[in-house]
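Residue numbers start from 1 in every chain, and the chains themselves are labelled A, B, ... in the order their sequence lines are given, proteins ahead of strands.
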Amino acid sequence: MNKYLVIILGPTGIGKTSMAIKVAQHFKTEIISSDSRQIYKETSIGTAVPSEDELKQVVHHQIATRSVKDYYNASMFEQEVLLITADLFKKHNAIIMVGGSGLYIDAVCKGIDELPDVDIELRNDLTKELKEKGIESIRAKLKKIDPVYYEQVDLKNPKRILKALEISIMTGKPYSSQLTSPKRERPFMILKIGLNMDRELLYSRINKRVDIMVSEGLEQEARDLYPLKDYNALNTVGYKEFFDYFENKHSKETAIELIKRNTRRYARRQLTWFRRDKEIIWFEPDETQAIISQLENNILF
RNA sequence: GGUGCCAUAGCUCAGUAGGUAGAGCAACGGACUGAAAAUCCGUGUGUCCUUGGUUCGAUUCCGAGUGGCACCA
């Protein structure tokens, strides 16, 4: 097998976009984004999608293909990327995938279990129950319908409980019995390149990037999207803080400070996720040549 | 130059009637299979400015030094 998916990953703000472009140009190939928010067409400033200019340099996939109003999830991402790669591998031996959404990356690399897409009405009902009767109520339901999962789930995390309940109710079978931890065979090899740097430097880059987003018009972008604020896709750093400002919950300055803080925390969570993946080969974001050499040594053309 | 006040966590500050210290924010660690930039769990990280003295024992009391602030010259 001589097809390679090269995944460039790392925390937000580290410089993945420009690295991916350099690597893609070197190998004369295309880029797939593995970013759960850049996939939405309305959120370009706040999610730091590549610039017009960058998009011209290399063909990008999975950017601005959906509306924030569309329901989307990691499984759909997996399916779409597999189709895209199948197509691209006809012309290329290596494809670059770049992005920081750990779950999406894992879905492409390892696959996830076949489960039905969520029934929005059911989700709304359960969410309403959670809101009105509290977490105890949905916990009790889960204990009855899937006692196995009840024992292992984080009982303080409503989303986990809701997910298991939704699937169990929809399929009539306990959620836990449908989790088989698949290790899907892929018709290509995977190479993971991680970018990381000194934490303080990363944070100052993040802070600066937020200021740049604001100067590029993030406030207006958020204002335009305010009517859609209840869509999950807008439960996103950079937007929710502005929405609170629009509702006079805090000042604009506070909103900007919170965006910086929440972006920093997001970067930290990304690093926690990636740290346990021992397949990742780590580099500093300025080690372009070392990365290209690493890939040339690994990829058999 | 004189007088007064202050010096404790990364920041703002509390506190210990002498028994090595805590809040908020920030930060750090972790979990995570279809909402994942989401959601959830956990953690004080400290020469209490330095140095003499008193004391069984000083971050705390006293002296000196250093730095900062205010006022007076």
Side-chain angles (χ1 to χ4, degrees), chain A residues 9-13 16 33-40 43 45-49 66 68-81 99-120 122-124 126-127 130 135 139 149 152-167 170-171 175-184 199-200 202-203 206-207 209-210 213 218 222 230-242 254 257-277:
Chain A
L9 52 83
T12 187
K16 296 187 292 294
S33 161
S34 50
D35 186 301
S36 72
R37 297 289 130 115
Q38 289 183 2
I39 204 150
Y40 300 110
T43 56
I45 297 173
T47 64
V49 297
R66 301 278 165 156
V68 294
K69 295 184 208 166
D70 296 332
Y71 173 74
Y72 198 72
N73 63 42
S75 177
M76 294 161 79
F77 181 78
E78 175 198 4
Q79 302 306 319
E80 289 172 2
V81 169
S101 301
L103 181 65
Y104 282 32
I105 293 169
D106 280 357
V108 170
C109 295
K110 300 188 277 196
I112 45 186
D113 279 304
E114 278 313 313
L115 296 172
D117 278 342
V118 84
D119 176 343
I120 299 294
L122 175 62
R123 171 167 291 183
N124 289 343
L126 290 170
T127 307
L130 168 67
I135 197 164
R139 257 185 216 158
Y149 195 65
Q152 64 196 53
V153 74
D154 174 0
L155 289 169
K156 289 179 178 167
N157 190 331
K159 286 201 179 183
R160 297 278 141 73
I161 298 174
L162 286 172
K163 178 80 226 157
L165 271 181
E166 284 164 5
I167 299 298
M170 284 172 67
T171 60
Y175 177 64
S176 58
S177 73
Q178 302 175 60
L179 299 179
T180 62
S181 303
K183 249 285 187 183
R184 293 263 157 64
R199 191 70 68 89
E200 259 184 66
L202 175 64
Y203 282 3
I206 286 173
N207 294 341
R209 193 174 72 160
V210 171
M213 286 178 180
L218 180 59
D230 290 329
Y231 284 102
N232 175 66
L234 291 175
N235 182 190
T236 298
V237 177
Y239 299 93
K240 53 185 175 182
E241 298 85 355
F242 264 115
T254 302
E257 280 313 304
L258 287 175
I259 291 170
K260 290 176 182 174
R261 184 198 68 184
N262 292 340
T263 305
R264 278 181 248 131
R265 290 179 175 176
Y266 169 51
R268 194 156 53 75
R269 272 180 276 126
Q270 288 176 298
L271 287 167
T272 300
W273 179 289
F274 293 136
R275 219 172 275 147
R276 67 178 172 181
D277 186 342

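- Within the structure, every side-chain polar atom (N or O) of A:Y149 is placed at least 4.0 Å from both OP1 and OP2 of B:U33.
- The side chain of A:N235 places an N or O atom within less than 4.0 Å of a non-bridging phosphate oxygen (OP1 or OP2) of B:U39.
- Using a 4.0 Å heavy-atom distance criterion, A:Y175 is classed as a sugar-phosphate-only contact.
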Which protein N or O atoms sit under 3.5 Å from an N or O of nucleotides 23-25 of chain B?
none

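- Note: A:Y104 and A:Y72 have tilted aromatic rings, judged against thresholds of 30 and 60 degrees for the angle between ring planes.
- Counting distance only, with no hydrogens placed and no angle test, the side-chain atoms of A:S75 and the base atoms of B:U33 include no donor-acceptor pair under 3.5 Å.
- The phosphate of B:C32 has OP1 or OP2 within less than 4.0 Å of a side-chain N or O from A:R276.
- If you take atom P in B:A64 and the same atom in B:G2, they sit 13 Å apart, rounded to whole Å.
- Residue A:P158 is in sugar-phosphate contact alone, with no base atom involved, counting any heavy-atom pair closer than 4.0 Å across all strands shown.
- Looking at heavy-atom distances under 4.0 Å, A:Q79 makes no contact with the nucleic acid at all.
- When the C1' atom is used for both B:C61 and B:U16, the distance is 13 Å, rounded to whole Å.
- Contact annotation for A:T47: base contact, defined as any heavy-atom pair under 4.0 Å involving a base atom.
- The residue among A:K156 and A:D113 whose nearest nucleotide of RNA chain B lies closer to the 5′ end is A:D113.
- A:G238 comes within 4.0 angstrom of nothing in the nucleic acid, heavy atoms only.
- Contact annotation: A:Y203 side-chain N/O to B:C28 OP1/OP2 distance is under 4.0 Å.
- On the P atoms, B:U20 is 15 Å away from B:G57, given to the nearest whole Å.
- Among the heavy atoms of the strands lying under 4.0 Å from A:D35 is at least one base atom, whether or not backbone atoms are also near.
- Contact annotation for A:T12: no contact, since no heavy-atom pair falls under 4.0 Å across all strands.
- Nucleotides B:G65 and B:U3 are separated by 11 Å at their P atoms, to the nearest Å.
- Where RNA chain B pairs in unbroken runs of 3 or more (Watson-Crick or G-U, both distances under 3.5 Å), the stems are B:1-7 with B:66-72, B:10-13 with B:22-25, B:27-31 with B:39-43, B:49-53 with B:61-65.
- Between the C1' atoms of B:U8 and B:G15, the separation comes to 9 Å (whole Å).
- For B:C28, one of the phosphate oxygens OP1 or OP2 lies less than 4.0 angstrom from a side-chain nitrogen or oxygen of A:R268.
- OP1 or OP2 of B:U39 has not a single side-chain nitrogen or oxygen of A:N232 nearer than 4.0 Å.
- Contact between the side-chain N/O atoms of A:K163 and the OP1/OP2 oxygens of B:A35 is found at a separation under 4.0 Å.
- A:R66 meets the salt bridge (charged side-chain N to carboxylate O under 4.0 Å, His left out) test with A:E80; sequence neighbours excluded.
- Side-chain nitrogen and oxygen atoms of A:Y72 include none within less than 4.0 Å of the OP1 or OP2 phosphate oxygen of B:A35.
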- [ ] Could you please spell out the steps behind the side-chain hydrogen bond (donor to acceptor under 3.5 Å, both in side chains) verdict for A:R209 and A:T263?
- [x] CA-CA 10 Å; A:R209 193 174 72 160; A:T263 305; over 6 Å; no
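- Contact between the side-chain N/O atoms of A:R264 and the OP1/OP2 oxygens of B:A26 is not found at any separation under 4.0 Å.
- Rounded to an integer number of Å, the gap from A:R199 CZ to B:A26 P is 16 Å.
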